[in-house]
Amino acid sequence: MKWSQTLIPTLKESPSEAEIDSHKLMIRAGLIRRITAGAYAYLPLGTLVLNKVIDIVREEMNRAGAIEVFLPALQPLDLLEESGRLNIFGDDLITFKDRHGKTTALGPTHEEIITDIVRNEINSYRQLPITLYQIQTKFRDETRPRFGVLRSKEFIMKDAYSFDVAYEGLNKSYKSMYDAYCRIFDRCGLDYIVVEADSGAMGGDVSHEFMVPSPVGEDVLIRCMKCGYSANRERAEAAPIPREDHATLQAPKEVLTPDKHTIQEVSNFLKVQSNQMVKTMIFISNGQPVAVLLRGDHEVNETKLAKALGQDAIALADHSTIENVTGARVGFAGPMGLKIKIIADQAVTVLCNFVTGANKSDTHLLNVNNERDFKIDRIADIRYVTKGDKCPKCNAEIDISQGIEIGHVFKLGTKYSDALKAKFLDTNGKEKSMIMGCYGIGVNRIIASLIERSHDENGIIWPLSLAPYKVIIIPVNANDAATMEVANHIYDDLTNIAGIEVLLDDRDQRPGVKFKDADLIGIPIKIVIGKKYTETKELEIKLRKSGETFLAPPEQIQSKIKHLFDMLSKP
RNA sequence: CGGGGCGUAGCGCAGUUUGGCUAGCGCGCCUGCCUUGGGAGCAGGAGGUCGGAGGUUCAAAUCCUCUCGCCCCGACCA
C-alpha cells in the first residue's frame with residue numbers, strides 16, 4: 001500500500017478524550033476514532049490489525065476443532081427470559097421496539113441463541129461432542145464505557161460453546177479451548193497470566209480468566225510468586241490466620257462512642273487499631289436476617305458469603321431491620337446478645353479482647369471474646385484477600401496487582417441446557433441434559449492491551465503477527481526520481497513477488513515527519529532510502545523495537561527481510 | 001446512578017472571573033518559494049451557528065434558566 005492512497009490520519013498531539021497510553025496511541029496512530037461514548041470506528045490501519053487478530057483466533061479455533069457459525073445480533077427477549085437472564089442483564093441489555101411494537105435485544109452474549117439452535121438440531125449422543133464458535137459484535141449498555149476500546153458498549157467477541165454428553169467430555173473440551181487460548185495469546189505476542197475466577201452471572205463452577213497484567217486493568221489479581229497460585233479477587237481464597245499468643249481474657253467493658261458509626265471513626269476515637277475490632281453486618285439470607293462478622297480492616301466478599309449461605313445472592317439488610325435486630329441505631333451492632341444466626345470470617349475467630357458494637361446506640365464494647373461472650377454458628381472464608389495475607393497454598397506472601405481480562409473460559413455444566421431443555425438421548429435411549437462450556441475472547445481488548453504493554457515514547461511497537469504492515473519503505477526525498485525508482489522497485493519486489501505486506505511512504509514530506517509517523521504506527525521494519533544509498537548503493541534496514549540497523553543492497557533485500565522475520569518471530 | 005471537570009476551526013488550547021469594535025494562538029490544511037536523515041523556513045490563504053434552545057441587555061463566547069454531549073473518580077460490570 002502506498003501511504004498517499006490510504007487513510008492514516010496521524011496526530012502530533014494527544015487527544016483530550018484519552019487518558020491511558022493505548023487509547024491515546026490508537027487515536028494518534030489513526031487506528032480508531034470515537035463516534036459516540038463507547039463506540040469506535042476502526043480506520044484502515046485499525047481494521048488491518050483487527051483482521052490480523054481475528055485471523056489468528058479463527059485459525060486456532062479451527063485447529064482446536066471448533067466449528068464456526070454466525071449468529072444474529074438481534075435477539076428475541078423470550079429466550080433470555082427462558083434462561084432467567086433477562087433480569088440478570090437488566091439495564092446492561094440494549095433493547096428497542098420494532099415497528100410492530102415487539103421488543104428485541106442486541107445480543108450481549110449468545111448462550112441462549114446457541115443453546116436454542118443445538119436443542120433443535122441435536123438430539124443424539126452420536127452428534128456430540130461439538131464446539132461451535134463465532135466472531136461477532138456484542139452490545140452492552142455499560143454504565144460507564146472507558147479507556148477507548150477496553151470497555152465499550154459495542155465490541156467484538158469470539159464466543160465458543162461446547163456441548164458434551166458427560167463431564168469427562170466437558171473437561172476435554174475445556175482443556176482444548178484453554179490450550180487454544182494460550183496459543184492465540186502467544187501468537188499475538190501478549191504477556192498474560194491465567195487465574196482462577198468466579199463464574200459470576202454466567203453460572204457454572206469452574207472458570208479461568210486470561211489476564212494481561214497492567215495497572216490500567218480493571219480486575220484485581222491475587223498471585224503467589226512462590227508457588228504460582230493465581231486467582232482473581234472475587235475468587236481468591238484467604239489463608240487462615242493463625243491464632244496469636246493467648247492474651248489473658250479481660251472482662252467486657254462498655255464505652256460511650258457517641259455518633260461513631262464506622263470502623264474508622266471508632267478506631268480513631270478509641271485509639272484502637274481496626275484489626276483489633278470486629279464489624280457486624282446484618283444481611284438478609286433466604287428472607288432471614290443473619291449477622292456477618294469480619295475483622296475491622298477486612299471487606300466482605302458477597303460472592304463467597306452467598307455461597308457459604310447456600311444462596312444465589314444476598315443483600316445487606318435495610319436500616320429498620322438492623323434496628324429491630326440489634327435494638328440500636330445502625331453503626332453499633334455487635335455479636336453479644338444477638339438472637340440471630342451468626343456467620344463469622346475465620347480471621348475473627350483468632351482475635352481476643354476485641355472491640356465491637358454493643359447493640360446499644362452510641363456504645364461499643366471492649367474486650368469481647370468469641371465463645372465466652374457469644375457463639376458463632378458458622379465459620380467460613382467470606383472476605384476479600386488483602387495486602388499482608390498469605391498464599392492459601394504455600395503460605396508465602398501474596399502479590400496483589402491489576403490486569404486486563406482478555407479471555408474467560410467457563411465450565412457451565414447444565415445451567416443453560418436445563419433451563420432451555422437442551423437434551424439428547426444417550427446410548428441407553430435415556431434423555432439427558434447436555435453438558436456445556438463457554439469460552440470468550442475480547443478481540444478489541446487484545447489490541448489495546450498489547451499496545452498498553454508494547455509501546456515507547458514514540459509510539460506503538462507491533463509484534464510481527466499483528467502489525468498492519470510488516471515493512472515500511474521510507475524514501476527520504478520523494479522528489480528525487482532515482483530514490484523513488486528504487487523505492488518502487490523494492491516495493492514491487494516485496495509486495496508482489498515475496499507477498500509481504502509493505503507500506504510505501506510516498507508522501508512529499510520531510511524525513512523527520514516520515515520517521516516519526518513510522519515509529520508512531522509501529523511498523524516492525526523500516527527500509528530507508530536516502531543519502532547512504534546514493535553513496536554506497538546499500539539500503540538501511542532499521543528495527544522498530546530494538547533500533548538495530550542493517551545494510552543490504554537492493555538485490556538482497558528480500559532474503560534479508562525474510563531472515564529478519566524469522567528473527568522477530570522468535571519469542 | 002452519586003461526585004468532579006470540560007464543550008471556542010480537523011487536533012491541542014487562550015479568551016469567560018470584571019459583557020464592549022471584525023473571536024485569537026499553535027499544529028494541521030490550500031497556494032507559491034525554498035528545503036530533504038528525526039515532527040524545517042518564508043510569504044500568502046481557506047476554515048467558526050463559541051455544543052443547542054430560551055432569556056437579561058444598547059451590546060453575550062462571557063451573565064441567568066433549561067437542555068445535549070464528552071471525559072475523569074466512585075458504584076456497577078459474562
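Just so we're clear, the structure is a prediction, and the values are computed from it rather than from any experiment. What you see below is based on every heavy atom in this structure, not just the backbone, and it leaves out hydrogens, waters and symmetry mates. Here is the naming used below: chain letters follow the sequence lines, and residue numbers restart at 1 for every chain.
- Annotation: the span from A/Arg33 atom CZ to A/Leu43 atom CG amounts to 5.5 Å, rounded to 0.5 Å.
- With a cut-off of 3.5 Å on both pairing distances, the Watson-Crick or G-U wobble partner of B/rG44 is B/rC30.
- Checking B/rG28, B/rG38, B/rG37 against every side-chain atom of A/Lys12, the shortest atom distance belongs to B/rG28.
- Between A/Lys514 and A/Gly440, the residue whose closest nucleotide on RNA chain B is further toward the 5' end is A/Lys514.
- In this structure the side chain of A/Val528 reaches within 4.5 angstrom of the side chain of A/Phe515, judged on heavy atoms.
- Of all nucleotides present, none satisfies the Watson-Crick or G-U wobble test against B/rU35 with each distance under 3.5 Å.
- The side-chain tip of A/Lys172 does not point at the ring of A/Tyr174 from less than 6.0 angstrom away and within 45° of straight on.
- Taking a pair to require two hydrogen-bonding distances under 3.5 Å in either a Watson-Crick or a G-U wobble arrangement, B/rC6 pairs with B/rG69.
- Near-neighbour residues of RNA chain B inside residues 515-528 of chain A, defined by a heavy atom below 4.0 Å, number-ordered: A/Phe515, A/Lys516, A/Asp517, A/Asp519, A/Val528.
- Taking atom P in both B/rU49 and B/rC1, the straight-line distance is 31 Å, to the nearest Å.
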Distances for protein N/O vs nucleotides 71-75 of chain B N/O pairs under 3.5 angstrom?
{"unit_1": "B/rC73", "atom_1": "OP2", "unit_2": "A/Arg144", "atom_2": "NH1", "d": "3.4"}
{"unit_1": "B/rC73", "atom_1": "OP2", "unit_2": "A/Arg144", "atom_2": "NH2", "d": "2.2"}
{"unit_1": "B/rG74", "atom_1": "N7", "unit_2": "A/Arg144", "atom_2": "NH1", "d": "3.4"}
{"unit_1": "B/rA75", "atom_1": "N1", "unit_2": "A/Thr143", "atom_2": "OG1", "d": "3.0"}

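- Base pairing of B/rC58 is made with B/rG20, judged by Watson-Crick or G-U wobble geometry with both donor-acceptor distances under 3.5 Å.
- Remark: B/rC25 base-pairs with B/rG12. Criterion, Watson-Crick or G-U wobble with two distances under 3.5 Å.
- Going from the P atom of B/rA60 to that of B/rA43 covers 37 Å, rounded to whole Å.
- The 5' end of RNA chain B is approached more closely, in terms of each residue's nearest nucleotide, by A/Asn479 than by the other of A/Arg445 and A/Asn479.
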